[in-house]
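For reference, the structure discussed in these notes is given below.
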Amino acid sequence: MSSVPYWRKNLYNDHGLPDNYTHSSFLEELRKNVKPNNVLKNEAITLGAGISIQLSIVVLFIIVFVWLNNEWTTPNIIFTVSAMLTVLAYFLYSLKFPNTLDRISTDFRTVLIFLTFGYIVSPILKTLTETVSTDTIYVMTVSMFLTHLIFSKYGSPPVSLSDSLSITSSLFGSLMLTSRLASPLHAFSLLTIAVLCFVLLPFVLSQIESKKLVALIFAITTWYFLYPISITFSWVFVIATIFLYVICPLWYVKWQTYKENIYGPWDEAVITS
């Protein structure tokens, strides 16, 4: 009766065994879920609240466009409201992170440059895509906003490539809508709202810890302004918000119990010192 040759876990010795041979000791080092990274229910709902906030911001911007496009409000009112909200947000930011006089003067110059440059190029933006069909503009805008929602950074606040792509796509989608408005002043007001919604507002919201309360306030406000425009879309928005805010986080918390990470002799060597 022949005995099985001695086997060792290496590839440079000829054991006289078939290539697909597996010794019983091969899986002795098998371990499961050594470092479980389970997300708690509160953390999952907070992440869902961040996604809900971004969806509400996009819908609010579209509501402003509909108001301007249908002449339900004037560009002066939109610009005045956006300026008041910007000043309020900057004041709240200054309370948390006190600014020096140099910082305030720098921010004031930046705002002045943006307003001047935006007002000058508004006539160009108004006529830039006038020859493109409205259906094409709307399809491209929806695509840009979907890109913005997909690549927005919902976790840690540091700027990354995905953040840049998210901001660029949202601003590009906003610029395409300016050609559908009545005048360059309408286009300038919409451009101001776009910068407020997709550049300044996410930065301010990243400094706020109570994401769940903020998401609830944004959702109620968005639904209130969306309901007079379209009852159908308002309830679709409610369903989407509940799905992103509650159902998806609870699903994730439940399904992560089925996740198993296995570690064994096939793992690569890791330097620990």
Side-chain angles (χ1 to χ4, degrees), residues 27 29-63 89 92-93 96 142-167 169-170 173 197-227 231-268 270 272:
L27 296 179
E29 300 178 9
L30 177 64
R31 297 168 296 164
K32 292 184 178 181
N33 301 329
V34 176
K35 299 179 180 179
N37 189 20
N38 295 331
V39 178
L40 301 178
K41 186 182 298 183
N42 185 46
E43 297 175 350
I45 293 178
T46 301
L47 181 58
I51 301 175
S52 175
I53 290 173
Q54 291 295 335
L55 178 62
S56 298
I57 291 175
V58 171
V59 176
L60 283 173
F61 175 80
I62 296 175
I63 290 173
L92 295 177
Y93 175 77
K96 189 173 183 179
V142 171
S143 301
M144 291 297 101
F145 284 147
L146 287 177
T147 303
H148 165 73
L149 292 175
I150 292 173
F151 289 95
S152 292
K153 198 171 185 62
Y154 301 105
S156 53
V159 178
S160 63
L161 179 61
S162 62
D163 253 351
S164 303
L165 179 60
S166 172
I167 295 174
S169 60
S170 60
C197 290
F198 303 119
V199 180
L200 300 180
L201 189 56
F203 176 75
V204 174
L205 293 177
S206 66
Q207 311 298 325
I208 300 177
E209 297 180 357
S210 56
K211 292 289 192 304
K212 292 181 286 187
L213 178 60
V214 173
L216 186 60
I217 295 175
F218 267 85
I220 295 174
T221 304
T222 304
W223 180 84
Y224 175 79
F225 287 108
L226 184 60
Y227 188 83
I231 298 177
T232 303
F233 281 116
S234 65
W235 289 113
V236 170
F237 170 76
V238 170
I239 295 173
T241 301
I242 295 175
F243 182 75
L244 294 173
Y245 193 175
V246 180
I247 297 178
C248 283
L250 294 181
W251 275 353
Y252 183 83
V253 172
K254 180 180 179 181
W255 289 346
Q256 70 179 350
T257 57
Y258 299 102
K259 181 182 68 174
E260 286 190 351
N261 294 331
I262 59 176
Y263 304 84
W266 52 81
D267 292 340
E268 297 181 359
V270 178
T272 57

Legend entry - Those residues that, when tested against Trp235, pass ring pair (Phe, Tyr, Trp, His ring centres under 6.0 Å) (two or more places apart):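 Ring pair (Phe, Tyr, Trp, His ring centres under 6.0 Å) list for Trp235, sorted by chain: Trp223.
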Inset, instruction - Using ring pair (Phe, Tyr, Trp, His ring centres under 6.0 Å) as the criterion, list what pairs up with Phe61, not counting sequence neighbours. - result: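 For Phe61, the residues satisfying ring pair (Phe, Tyr, Trp, His ring centres under 6.0 Å) (neighbours in sequence not counted) are Phe145, Phe198.
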Reported [atom1]-to-[atom2] distance for the pair [X] and [Y], which is rounded to 0.5 angstrom:
X: Phe225; Y: Leu60; atom1: CZ; atom2: CG; value: 8.0 Å
X: Ser152; Y: Ile53; atom1: OG; atom2: CD1; value: 11.5 Å
X: Ile57; Y: Ser170; atom1: CD1; atom2: OG; value: 10.0 Å
X: Leu205; Y: Leu200; atom1: CG; atom2: CG; value: 11.0 Å
X: Leu216; Y: Ile220; atom1: CG; atom2: CD1; value: 4.0 Å

Legend entry - side-chain hydrogen bond (donor to acceptor under 3.5 Å, both in side chains): pairs with one or both residues in residues 45-60, sequence neighbours excluded: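 Matches after skipping sequence neighbours: Gln54-His148.
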Inset, instruction - For the pair Ile62 and Phe233, evaluate side chain to side chain contact (heavy atoms under 4.5 Å, CB included) and give the outcome as yes or no after the intermediate values. - result: CA-CA 12 Å; Ile62 296 175; Phe233 281 116; over 6 Å; no
Inset, instruction - Not counting sequence neighbours, which residues clear side chain to side chain contact (heavy atoms under 4.5 Å, CB included) with Leu250? List them please. - result: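 Result, side chain to side chain contact (heavy atoms under 4.5 Å, CB included) vs Leu250: Lys41, Val246.
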Legend entry - With Ile217 via side chain to side chain contact (heavy atoms under 4.5 Å, CB included) - residues at least two apart: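 Side chain to side chain contact (heavy atoms under 4.5 Å, CB included) check on Ile217 returns Leu213, Thr221.
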Inset, instruction - Start with the C-alpha gap between Phe237 and Tyr227, add the side-chain angles, then the distance that decides, and say whether side chain to side chain contact (heavy atoms under 4.5 Å, CB included) holds. - result: CA-CA 10 Å; Phe237 170 76; Tyr227 188 83; over 6 Å; no
Inset, instruction - Identify the heavy atoms of Pro249 and Leu244 that sit nearest to each other, and give their distance. - result: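 Residues Pro249 and Leu244, closest heavy atoms: CD-O, 3.4 Å.
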Legend entry - Shortest non-hydrogen contact from Leu55 toward Leu149: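 Looks like N-CD2, 3.9 Å.
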Legend entry - Residues which pass side chain to side chain donor-acceptor pair (under 3.5 Å) with Lys211, listed by chain and number, not counting sequence neighbours: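 Here no residue qualifies.
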